[in-house]
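Just so you know, residue 1 is the first one in the sequence shown, and it goes up from there. All values derive from a computational prediction rather than experimental measurement.
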Amino acid sequence: MNYNQAFFDPVLKASSKVAEEHAKSMKLEIDRTRDDVIVRTAVAYLELAEVRHSLELLRKEQASAEKILGVTRERVQANQELAIEVTRSELTAARVQERIIKLDGRDEILTQQ
């Protein structure tokens, strides 16, 4: 009869150490990934709030530009303004509309994100 028991197995201890280190590095990677997701989500929400606020202001600006355009057209018809002023007013209204369209697109992207 023969009985052999190892009190200290260096190979087993080394592989156990490697497994522990791997588990620690995986936990750190998971924590880093979670933190990245949290940061990206917070940034997206902040940008979405900013875009929506800008859209609200631009819609008010658009209403003002339309009123100005109407008044300018009336003044041109009454020969109190040059016709070029209508074109300038239309250009201003178109620029505001363009910015609204761009921000609407960004709003949609951020909402989906």
Side-chain angles (χ1 to χ4, degrees):
M1 181 188 270
N2 191 3
Y3 178 74
N4 215 355
Q5 182 178 5
F7 288 105
F8 179 73
D9 188 356
V11 173
L12 187 59
K13 186 172 182 174
S15 66
S16 173
K17 231 4 172 176
V18 167
E20 287 175 12
E21 290 299 319
H22 181 67
K24 285 179 186 177
S25 69
M26 291 303 293
K27 183 181 180 334
L28 288 174
E29 183 66 26
I30 289 170
D31 289 346
R32 187 188 63 76
T33 302
R34 186 195 67 220
D35 292 344
D36 286 347
V37 169
I38 289 170
V39 167
R40 282 185 290 167
T41 302
V43 167
Y45 273 112
L46 289 173
E47 187 178 353
L48 182 60
E50 181 182 344
V51 165
R52 288 185 175 168
H53 178 70
S54 295
L55 276 170
E56 181 182 324
L57 294 175
L58 280 173
R59 288 193 173 106
K60 289 177 183 177
E61 187 177 338
Q62 182 183 27
S64 294
E66 292 297 324
K67 287 179 185 177
I68 290 170
L69 180 59
V71 168
T72 304
R73 283 185 177 146
E74 290 173 6
R75 290 179 55 91
V76 167
Q77 287 176 352
N79 289 325
Q80 295 175 341
E81 283 290 343
L82 296 174
I84 189 83
E85 296 303 322
V86 171
T87 306
R88 285 186 183 148
S89 297
E90 288 173 340
L91 180 61
T92 300
R95 285 180 177 156
V96 170
Q97 183 63 33
E98 178 187 22
R99 292 194 321 237
I100 288 173
I101 291 169
K102 285 180 182 178
L103 284 178
D104 274 336
R106 187 69 185 142
D107 181 87
E108 186 176 321
I109 289 169
L110 289 169
T111 300
Q112 289 174 358
Q113 189 178 22

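From Glu98, atom CD reaches atom CG of Leu58 across 11.0 Å, with rounding to the nearest 0.5 Å. In this structure, Arg99 CZ and Gln97 CD are separated by 11.0 Å, a value rounded to the nearest 0.5 Å. In this structure, CD in Glu50 is found 11.0 Å from CG in Leu55, a value given to the nearest 0.5 Å. Atom CD of Glu74 and atom CD of Glu81 lie 11.5 Å apart (nearest 0.5 Å). The distance from atom CZ of Arg106 to atom CG of Asp104, rounded to the nearest 0.5 Å, is 13.0 Å.
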- Item | Test side chain to side chain contact (heavy atoms under 4.5 Å, CB included) applied to Val86 and Glu90, step by step | CA-CA 6 Å; Val86 171; Glu90 288 173 340; 3.8 Å; yes
- Give the C-alpha distance, both sets of side-chain angles, the deciding distance and a yes or no for side chain to side chain contact (heavy atoms under 4.5 Å, CB included) between Arg34 and Val37. CA-CA 5 Å; Arg34 186 195 67 220; Val37 169; 5.8 Å; no
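Evaluation of the side-chain contact (heavy atoms from CB on, under 4.5 Å) rule for Ile84 yields Leu82, Arg88 as partners, not counting sequence neighbours.
You'll find the side chain of Ser64 stays beyond 4.5 Å of the side chain of Glu61, heavy atoms only. The shortest side-chain heavy-atom distance between Val71 and Lys67 does not fall under the 4.5 Å cut-off. Glu47 has its side chain out of reach of Ile109: every pair of non-hydrogen atoms, C-beta onward, lies at least 4.5 Å apart. Taking the side chain as every heavy atom from C-beta outward, Leu110 and Val51 approach each other to under 4.5 Å.
Using a 4.0 Å cut-off between a side-chain N of Lys or Arg and a carboxylate O of Asp or Glu, Lys24 and Glu20 do not qualify as a salt bridge. Between Asp35 and Arg32 there is no salt bridge, since none of the side-chain N atoms of the basic residue sits less than 4.0 Å from a carboxylate O of the acidic one. The pair Arg52-Glu56 does not meet the salt-bridge criterion, since no charged nitrogen lies less than 4.0 angstrom from a carboxylate oxygen.
Hydrophobic clustering, with ILVMFWY side chains joined whenever heavy atoms are under 4.5 angstrom apart, keeps Ile100 apart from Leu69.
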